[in-house]
S.K.: 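Take a look at the following structure, please.
The model shown is predicted, which means the values in this text are computed figures rather than measured ones. In what follows, every heavy atom counts, from backbone to side chain, and hydrogens, waters and symmetry copies are set aside. Chain letters run A, B, ... following the sequence lines, proteins first and then strands; every chain starts at 1.
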Amino acid sequence: MINAINVTKKFDDFTALDNVNLSVQTGSIFGLVGSNGAGKSTLMRVMSGVYSADGGTVTIDGEDITNRPRVRRNLIYVPDDLYFLPGSSMDRMAKLCESTRARFDRELYASLAEQFEADRKKPIHAMSKGMKRQAALILALASRPDILLIDETFDGLDVIKRHHMREIMVDAVAERGLTVIMATHSMHEVDDMCDAIAMLHKGHINVQSDIQEVTAALVKVQIAFPQAFDEDAVRFDGANIVSFRCDGTVATVVYENDRDLVEHELKAKHPVLMNLLPLSLEEVFIYKCQ
Amino acid sequence: MFTIDNLCGVPVYEQIVRQTETFILRGILPPDAPMPSVRAVATQIAANPNTIQKAYTNLLSRGLIYAAPGKGGFVSAEAKGILRAELEKQLDTVERLAAQFASAGIDKQAVLQAVERGDSGKS
């Protein structure tokens, strides 16, 4: 289990993270989403120990990671901007991993390289963006981490490789309880892979929960009355209207309320049409981060 | 074993639960048949193992499968009976629908024919 507790990080006057609390269970595939500049990468760097927090702590299984490399020795961070030793090939990087990571598995490395048809001898700087990312992921997975922090996981990978990478990650999660935290812009990816997510917006976490709960938190209703109406017509005691768009006599309203409550209250107003619709993760994100 | 419809909007764990129920009812998964491991299913459909686990927990809590420590999940002997009992509870939905049809003026014969068609469609 990895936790960020009241983490604050500033860069001069700019507060990138403001009292961020995050709790990720072992064996979870956790999605970290947020608008551009929300602080995802900063949070990942604090959680992996690349940056030290200005306030708060990060703990792995209860132990503080600050100044304690041993505690985070089985955590690997694959950043958005990849770094490789200048002029190195995958094999050269594998040698480095072997000497710095206790669990680096040569056989697994060779097997993964083969599965992805990676050129182990080619200088990585000469590879395409997708192939570089593939190289980084192979090296990370071959190191058998307990916790994998990835920034823009599959960026540049083609559909087939993406799928295969997912299979491998999912297998590692199932087999040995690998914990994955993936920062991403792709809601589709999160939808497919994650069991829990947190949404970061301007340095704050504004949603954190398991996937089912997040999409159940908002209710979208298509509603119509015989005459033109405004927002007051669809308001009720305790209603938390996030969005109201009316086109003459039909409106789309989004509530941050319990679904049954919304259904019950709106039925009492005798609309001529009422449909409760599910929201996609993407929609939840858009409404929550406005 | 499981085939997932990625486009239909039904959550993966629910699809797995429903498919398992169907397999049990049709004898594809007979009593004491082993369930595929969470890991095998997760890898096969490239889905989050926690999602699969959620489905299995549902099946376990309803008594449709049992767990042999270290050996995985197996279909329970009473599974078919349990599913039948659960479905029987929904017979009053049929009653309610029939009342709705009647008050809308839909002919009773049409309703009975629909029941016939559904019943004979069973394998």
S.K.: Shortest non-hydrogen contact from A:Ser35 to A:His201?
M.R.: OG-ND1, 3.0 Å
S.K.: Classify the angle between the aromatic ring planes of B:Tyr66 and B:Phe74 as parallel (below 30°), tilted (30 to 60°) or perpendicular (above 60°).
M.R.: parallel
S.K.: State plainly whether the residues A:Asp146 and A:Arg103 are in salt-bridge range, i.e. N to O under 4.0 Å.
M.R.: yes
S.K.: Any idea which of A:Met169, A:His164, A:Met193, A:Glu175 has the most non-hydrogen atom pairs under 4.5 angstrom with chain B?
M.R.: A:Glu175
S.K.: Would you check if A:Thr59 and A:Ile2 make a side-chain contact, meaning some heavy-atom pair closer than 4.5 Å?
M.R.: no
S.K.: If you count heavy-atom pairs under 4.5 Å with chain B, which of A:Asp191, A:Asp210, A:Ile29 comes out on top?
M.R.: A:Ile29
S.K.: Side chains of A:Met47 and A:Leu22: closer than 4.5 Å at any heavy-atom pair?
M.R.: yes
S.K.: Between A:Asp195 and B:Lys54, does at least one N-O distance fall below 4.0 Å, as a salt bridge requires?
M.R.: no
S.K.: Taking C-beta and beyond as the side chain, do B:Leu59 and B:Val17 meet within less than 4.5 Å on heavy atoms?
M.R.: yes
S.K.: Residue by residue, which of residues 30-53 of chain B have a heavy atom closer than 4.5 Å to a heavy atom belonging to chain A?
M.R.: B:Arg39, B:Ala42, B:Thr43, B:Ala46, B:Ala47, B:Asn48, B:Pro49, B:Asn50
